[in-house]
Structures are given as C-alpha cells and as structure tokens.
Amino acid sequence: MKKTIKISIRELVEFVYKEGSIDLRFQARSSMTTGTRLHQKLQKEYKEGDEKEVFLKGELTYEDILYQLEGRCDGIHYEEGKVIIEEIKSTAKRLDLIEEGSRVHWAQGECYAYLLAKEKQLSQIDVQLTYIEVESEQTKSFHQTYSFEELEQIVTAILVAYTPFAILLLNNEVNKMESIEDLTFPFPTYRKGQKKLAGAVYKTVSESKSLYANAPTGTGKTISTLFPTIKAMGKENSKWIYVTAKTITRTVAEEALHLLEGEGLSHRTVTITARDKICFKEETICQKEYCEFANGYYDRINGALIDILTNETILTRPIIETYARDHKVCPFEFSIDLSYLVDGVICDYNYIFDPKVSFKRMSDEGKKKTTLLVDEAHNLVGRGREMYTASLKKSDFSQIKKLYSAHEALRRSLTAVNKQFLRIKKEDGSDIRSELDAEFIESVMGFIEIAEKSLGEAGKEWSEDFMQLYFDSLSFVRISNLFSKEHRFVIGRSSNDLEVKLYCIDPSKLIKQVAKPYHSSIFFSATLHPFSYYFQQLGGGEEDYRFLMPSPFQHEQWQVGIHPISTRFSDRERTLPSITHSIAETFNQYTGNYLIFFSSYAYMEEAYERLNKESMLKADTIIQEPNMNEGEREAFLQQFQSEREQPVIGFAVLGGIFSEGIDLKGDRLKGVIVVGVGLPQPSEEQEIIKDHFNTLGMNGYDYAYVYPGLNKVFQAGGRLIRSEEDIGVLKLIDDRYLTPKYRSLLLDEWSNYRVIT
C-alpha cells in the first residue's frame, strides 16, 4: 500500500540543497516584511495577463511513496507562446557578487515549473530567477529553458535524495499511531478527580476546542493532560506543544513521557533550551569565524537529524548536546529544526506567545494540527503583559549618537528620534495616553531603516549597545502594530531621562489571538484562582470549556493557622518582633524543615537577621539570594533532606524561584509560613491596571493588587502537601486574611483554619 507525504516545495528543496553556515552577525529582523515589499514592487510591474502568487500542487510517486507537492510561486509570465515561472529572492548581497544563482533557489523554480507543466501539459517551460538587492532595489535575472522530461528528472532526483528521510518519518508515524492505540494510563489507578480531568482534555482535543482547568497540586496534572492529548492524536491533530515558564516543570513533562514510553508509546519529542544556556562556546556569537558549530551547519544538519530521529525518542537537553557534538552542529538551531519534525515540543511560553521569539516557520496549516498545552497558566498573565509591552529611553539614543557621530546617516536618524523625545517632553497633557504617537513611531522606524543599512555595511564592527537599541526599537514598532484599547502610551520622566513605553494592561485578547489558529488549547494550573479573573485574563470566552477540580488531599493533612498581625509597610518596624516570635513559636511547636516566604528581599533580610541575632531557632538557616543560578538553586533545595541532624529553615521571596514548581515530598518539608498577602508594590503600572478595570465596572484594585498577590500566596502554600501521605503546618501571618474578602478567596483546603491570638 502506498504511503503519502504532503510537503511544501520550499521545505523539500531546502532539505536537499541548503548549505553553508549559520551567521547571525546581522539579519535584518524586518527582512521578511522588506522581502514582501520588494516582491510586491516587482509584481506590480507585471503586464496584463501575467499571474502572481499562484498556488500550485501535484503528485509524484517514488519508491511506493506518493509525494503530494505544493507551494506558491511568485509569478507566471506569458510571452510569445512561452510560459515563464519566476522565482524572486531579495538579497543583502551586492548583485555583481551573484554569478549564477543559488542551487536551492533554482530547484524551487524548477519544482514549480514541473507542477505547472504537468498541470497544463506543457512540453517546454522557462524558469526565471530574479534577485532584488535590498539596498539599491536593483534587480538581476537568470533564465533557463527546460523540457518537461528534464524537469521530471530534476524533481525525481530531489525525491531520491529526500526519500531516506521520508521513509524514517513515515515509519515513525506508523509506529506512533499503532502504539497510541494500545496506550494505557501509566498508573494502576487514577487519583481523585484525575480521570475527569483526563476526560475533559480528551473531549476538548477531540472537538478542537479550548479548555481552562484549575487542577490543584497533587492531581498529577502533567500526566492528566499529556496522556489524553496523545491518545486523541490523529491526522487532524498530529502534534502537541507543551509550554511552561519554569525549567523544573519541563523536567516533570519529560518524566511523564518516560512513563508513557514505559507503557509502549513510540513517539518523538524535543525540549528546547534557550540559546545562551545550551551554547557550547564561552560567548554566544553565531558566526562561522568564531564558532565551529555554526560553520558549515547546513552541510551537516541532515545527517544529524536522521541520526537522532532514528535512535532517540525523548530528546532532552543532554541528548541534544551529545548528538550536536557528534555531528558538530549548533545545539540550539538543531533543537529548533527538530521541533518542526517531532510529535511533541516542550518549551518556554515565549516560543508561542512572544512576537519577538515565536516559531517563525510554523505555518497556519501546521498550527491547525497542533494542540497547545499551557502549564502553570497563571504565569502567562504577567508574562503576557511583559511580552506585549515595549519601551525606549532617550538616553540610549543620545549615547549611540555620541558613539557614531561621524556616521552621517545614522546621526541624522538618531537626531530625528531625539527631537521627538524633546517634543513629547515639552507637550502639555497626560503622561498616560490611550492613543499612539504616530510621529514618534515614524521616527523610530526611520532609525531602524538606517540602522539596518549601516549593519549591512561590510567590514564594520558595531557595539553591543547599538545592537541592543536596534532590537529594542524593532520590538517597540512590533508592539505598536498590536496597540489597542488594552494598551497605554506612557511617558516616564526623571531628572535626567525620558522613557516612552507601550504598556499592555490586559493581555487577554492577544493571548486568545495567538492560540486561535491552533487545533486546540488547554490552559491549566494548580492556582487559576479566583477562576473568573484568570479565565478573563487568559482570553476565555463563552464557547470555551471550564474545569474546576477539588483538591485530592484531605483537609486533615493541613494544619492551617492565621495570625492576624499587620504586615503593612507603615507597621513593619513595629510588628517585626511579633512576627519573628510567631515564626519561632510555630517552628518550636512543630519542628522540621520550613520555608518562610516574604513579600520583598528587604523585609525577608530584616526578619532573617533578627531571628539569627536572637538565636530563636535551633535550626540551620539559609536565604534566597537575588539572581541565583541553577547550581545555587539546586544547592538551596538540596538542604531540605528528611534525615538532617538539625532542621533547615529557608527564607524565600513570594513569587520567586522557590515559591512554585518545587517538590519537597514527605519529611523534606514540615511547614510553610507566609508573611503578608503578597500585594505587588504600588506603581504607576499597577495603578493603570486598576483604573482600566474600574472603568470597565470591575474591581480594579482586586485585578491590580489582590488577585496577583494571593496567587503568590497560593503557590507558596502549595509547596507543602505534595502527596496523599504528606501532612504539614501552614501559617498565614497578616490581619487581612480575616477580612470578608480574603476569607472568601482562601482555597477550600485551607478553610479549616484556626485563628492564633
């Protein structure tokens, strides 16, 4: 029986013919839009009867594989009985350096010519390869005539080269589908509520819908989402992407896949690690002169892809690194290339939601077959705001102007931006505006254009500060294109600088817009609480499914106490002795390892010093430092062992690296104490959020302060009970926990609290 592979012409010819090195010295980030503009410029000159952007498709069989080829050719000309396929390529190269055109570009034109000749039954057809120089907008064309037989031979030769890879992909696909059919849940029984969550996910994926699920700690939400998503896989949804904010959560997803593999699953996944973390070199400089893994990357990558996909299934960071070294390829680019070929991808939010970083090669067709699994979805609200916010400072432009004062075109463009900063500075009116400043944006676009031309100049070295300003400006213009009534144009003034910010108040519409083209989306977390707030902020609508699951743990596993002492900023000095006494009292009563969370580093350090100075605790004390690296974090957590001579007390910050995603089961953690209610620091931005939601008739203070603060508290408390056997002590220190609002928002499993007086 014939097997079928559907593949785009571009993908096919790039696999067979792409060669050379990775060189990220400079690539105009606006090159895609520039390329489109230049294509359109040439196409406007087409005469009547010529066609542009023509979709072509056709079939060809080789070695029992039916290849369905398709693609969109740039143009078709009809001249004096001739038919000419035109392939247009924009290039930063000087035209006099291009002598005959690249083989990969010719192959693309030849494949389109073959499809058209076959469809129209043409015995002869021409291919024209046109290069347009970005700088000058001048063109250079190459022309060749082919018989249909010649084209058939060329396309067949391309398929001969591609077929070993096609056979590998097809065999993997057959094995995957057979293994999914027999796949069973990797545990003897489901936990309380777990089967219902898995059922809800399966139904959602099968129906191509979206689901928002609150699944408390201990429900095994990773396996409960991955297992049904994989079980629901078919032709319509043949891929999944698991996105999360934390490295540790990625490890949990990998562990779940190993469990499923133990049940017989045959299916390939890749975990993407950030470029600067996985880079083999001391500095991340992606140039062939500096990096042997970038030099000749495209000459070696096909061998690396075939090798790893033949021999491995769960492609974690260590496995990627091993094969990357063996084949001498860049491990980051290797993982990105793999992400388009595997069944599942585990990565950070930004590869999906951030307009700067998201997977650029994933087509809408690919998204239609992909299910998005968004873990720890509560984090996406804050991250979404960050990703859809951009800012520029006047001082950065002034500094670069001084640095390159001799570069006339650059100096003029920087002066133009500075003038706009000065105009904004002098203007009367509000510093928080709901409209974009078109003149300012235009000046930044002018700078980007000149910066790109300058960066393309041969033999020049540019400072990191200049590159950073260029990328910041690009990001600013990109966000200006997304600007809506959920954004504000904010002017920040200080004595010696001026900052202009496009601030995203509510990311819900943009999150929804990104998720919409995907086959299905599952947003889940242990703390989508209060649910209505997160449902709205993550873009939930009437048509979407909701799932709220009770905690699988018993109330008796928690010993919850509320100590009503004020932690408000104005009271801190006065109440600190009472708070440290309360901490010591809890520890002495229920001795064991503790985590104590504070709302800020300063507050945490004051309490830490006081407790140590007065020797209130017979324990080893450790404290979270700002910007801890992975090794330091690991060392901190390693202190929490059940067989210690003397218990350990860890001091940490709410909302920080130790308040979520860590798993200290059994006696590794006896108690958690939370000091405060986690309110964000008052700031102009939080006030903008508050005012925005007030005008919509909602409680703006809750949206800006209470809900984000309590989420940090729920996350920190969630470190305590991790399994059916765990029991522990949770103490909440703040008098606000006893007000009607906070009492109504407490988690159900914390509702049997006692008040400490």
Side-chain angles (χ1 to χ4, degrees), residues 559-660 662-664 666-679 681 709 712-713 715-720 728-735 737 756-757:
Q559 274 184 286
V560 183
I562 293 177
H563 201 161
I565 306 171
S566 172
T567 69
R568 291 168 187 80
F569 192 76
S570 56
D571 294 329
R572 280 184 188 173
E573 205 175 316
R574 176 178 64 80
T575 59
L576 190 62
S578 307
I579 287 166
T580 52
H581 184 76
S582 179
I583 291 168
E585 197 174 55
T586 305
F587 173 77
N588 292 330
Q589 194 174 350
Y590 308 100
T591 306
N593 299 333
Y594 274 73
L595 273 170
I596 306 174
F597 292 96
F598 294 81
S599 52
S600 70
Y601 277 99
Y603 198 17
M604 170 182 74
E605 281 160 5
E606 279 180 54
Y608 177 78
E609 281 168 23
R610 185 180 175 88
L611 280 158
N612 281 336
K613 192 172 158 189
E614 297 185 10
S615 304
M616 294 181 174
L617 308 165
K618 287 186 179 165
D620 296 325
T621 55
I622 53 175
I623 188 165
Q624 179 182 339
E625 302 288 346
N627 307 314
M628 291 170 91
N629 63 35
E630 280 183 40
E632 289 165 337
R633 293 180 206 180
E634 202 51 47
F636 184 97
L637 293 173
Q638 278 304 314
Q639 298 289 322
F640 291 83
Q641 298 301 334
S642 47
E643 304 299 322
R644 287 181 64 100
E645 274 183 41
Q646 188 155 279
V648 66
I649 297 176
F651 288 72
V653 176
L654 277 172
I657 48 176
F658 300 118
S659 65
E660 60 179 297
I662 62 166
D663 211 8
L664 301 171
D667 292 339
R668 289 187 69 190
L669 192 64
K670 176 70 177 177
V672 168
I673 298 172
V674 178
V675 180
V677 289
L679 297 182
Q681 293 287 328
K712 294 179 202 168
V713 174
Q715 282 293 330
R719 300 313 94 216
L720 186 58
V729 177
L730 173 69
K731 191 175 211 178
L732 306 173
I733 301 178
D734 197 293
D735 53 1
Y737 286 116
I756 298 153
T757 54

Roughly how far apart are [X] [atom1] and [Y] [atom2], rounded to 0.5 Å?
X      : Y      : atom1 : atom2 : value
Leu669 : Ile662 : CG    : CD1   : 7.5 Å
Ile673 : His563 : CD1   : NE2   : 11.0 Å
Leu720 : Leu595 : CG    : CG    : 9.5 Å
Leu617 : Gln646 : CG    : CD    : 10.0 Å
Glu585 : Ser578 : CD    : OG    : 11.0 Å
Glu632 : Asn627 : CD    : CG    : 9.5 Å

Can you spot which of Asp735, Thr575, Leu576, Ile756 makes a side-chain contact (heavy atoms from CB on, under 4.5 Å) with Ile565?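 Answer to the side-chain contact (heavy atoms from CB on, under 4.5 Å) test with Ile565 among Asp735, Thr575, Leu576, Ile756: Thr575.
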State whether the number of non-hydrogen atoms from other residues, nucleotides or ligands found under 6.0 Å of Asp667 atom CG is greater than 12.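 No - once you tally the heavy atoms of other residues, nucleotides and ligands closer than 6.0 Å, there are 12 at most.
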Any donor-acceptor N/O pair, [X] side chain to [Y] backbone, under 3.5 Å:
X      : Y      : value
Tyr737 : Gly676 : yes
Lys731 : Ser582 : yes
Glu660 : Gln715 : no
Arg668 : Leu637 : yes
Arg719 : Leu664 : no
Asn593 : Val648 : yes

Using 30° and 60° as the class limits, which term best fits the ring planes of Tyr603 and Phe598: parallel, tilted or perpendicular?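 Tyr603 vs Phe598 ring planes: perpendicular.
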Over 60° means perpendicular and under 30° means parallel, so tell me whether Phe658 and Phe636 are parallel, tilted or perpendicular.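 Parallel.
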Check [X] against [Y] and note the closest heavy-atom contact, atom names and distance.
X      : Y      : answer
Ala716 : Val672 : O-CG1, 3.9 Å
Val713 : Leu732 : CG1-CD2, 4.1 Å
Gly592 : Phe587 : O-CE1, 3.2 Å
Ile733 : Ile583 : CD1-CG1, 4.3 Å
Gly717 : Leu730 : CA-CD1, 4.1 Å

Within the structure provided, determine whether [X] and [Y] are in side-chain contact (heavy-atom separation under 4.5 Å).
X      : Y      : answer
Arg572 : Ser599 : yes
Gln639 : Asp620 : no
Gln624 : Tyr601 : yes
Tyr594 : Thr586 : yes
Tyr608 : Ile596 : no
Lys712 : Phe597 : no

Tell me, with the steps shown, if Asn612 and Thr621 meet side chain to side chain contact (heavy atoms under 4.5 Å, CB included). CA-CA 8 Å; Asn612 281 336; Thr621 55; 3.1 Å; yes
Arg568-Ser570 side chain donor-acceptor pair, cut-off 3.5 Å: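 Note: Arg568 and Ser570 side chains miss the donor-acceptor criterion.
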